[in-house]
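Take a look at the structure set out below.
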Amino acid sequence: MHEVQGSVPAYSRPLTGKFGRSFTESIEPAVLHVIDSIGNPNIAHGDWVELFRNRGRLEFIEGRSLDSLRAAASLVTGMNRNAMK
């Protein structure tokens, strides 16, 4: 979370209220999905996709573009890839 907050300006604010709850509740399922996907190309992605659809919807409602969400997802993906090396 700290890496995302330090690298994506839209997410650098305090983790309070609806934003903070949504942000922190999105991290664990995303990381667990990546871990569960290792060596399992047939894993179901429905819940994970729905999580990020909801995150995108929240970004739109709060007036942010999807660029920040994409940047955060890309950053976390890169961090996971580097951790698996």
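Just the heavy atoms: all of them, side chains too, but no hydrogens, waters or symmetry mates, feed the values below.
Atom OG of Ser74 sits about 11.0 Å away from atom CG of Leu69, to the nearest 0.5 Å. Rounding to the nearest 0.5 Å gives a distance of 4.5 Å between CD1 of Ile43 and CG of Asp36.
When every heavy atom of Leu66 is checked against every heavy atom of Gly56, the shortest pair comes out as CD2-CA, 3.7 Å. Considering all non-hydrogen atoms of both residues, Ser7 and Leu75 come closest at CB-CD2, 3.7 Å. Residues Pro29 and Leu51 come closest through the heavy atom pair CB-CD2, 4.0 Å.
Every residue meeting the side chain to side chain contact (heavy atoms under 4.5 Å, CB included) condition with Glu25, not counting sequence neighbours, appears here in chain and number order: Arg21.
Looking at His33 and Asp47, their side chains never come closer than 4.5 Å, going by heavy atoms from C-beta outward.
Heavy atoms of other residues, nucleotides or ligands lying less than 6.0 angstrom from CD of Glu50 number more than 12. The environment of Glu62 atom CD is dense: over 12 non-hydrogen atoms of other residues, nucleotides or ligands sit within 6.0 angstrom.
Among residues at least two apart or in separate chains, side chain to side chain donor-acceptor pair (under 3.5 Å) pairs with a member in residues 52-61 are Tyr11-Glu59, Ser22-Arg55, Asn54-Arg57, Arg55-Glu59, Glu59-Arg64. For residues 52-73, the ring-ring contact (aromatic ring centres under 6.0 Å, His included) pairs, not counting sequence neighbours, are Trp48-Phe52.
At a threshold of 4.5 Å between side-chain heavy atoms, the hydrophobic network of Ile, Leu, Val, Met, Phe, Trp and Tyr places Leu58 and Val8 in two separate groups.
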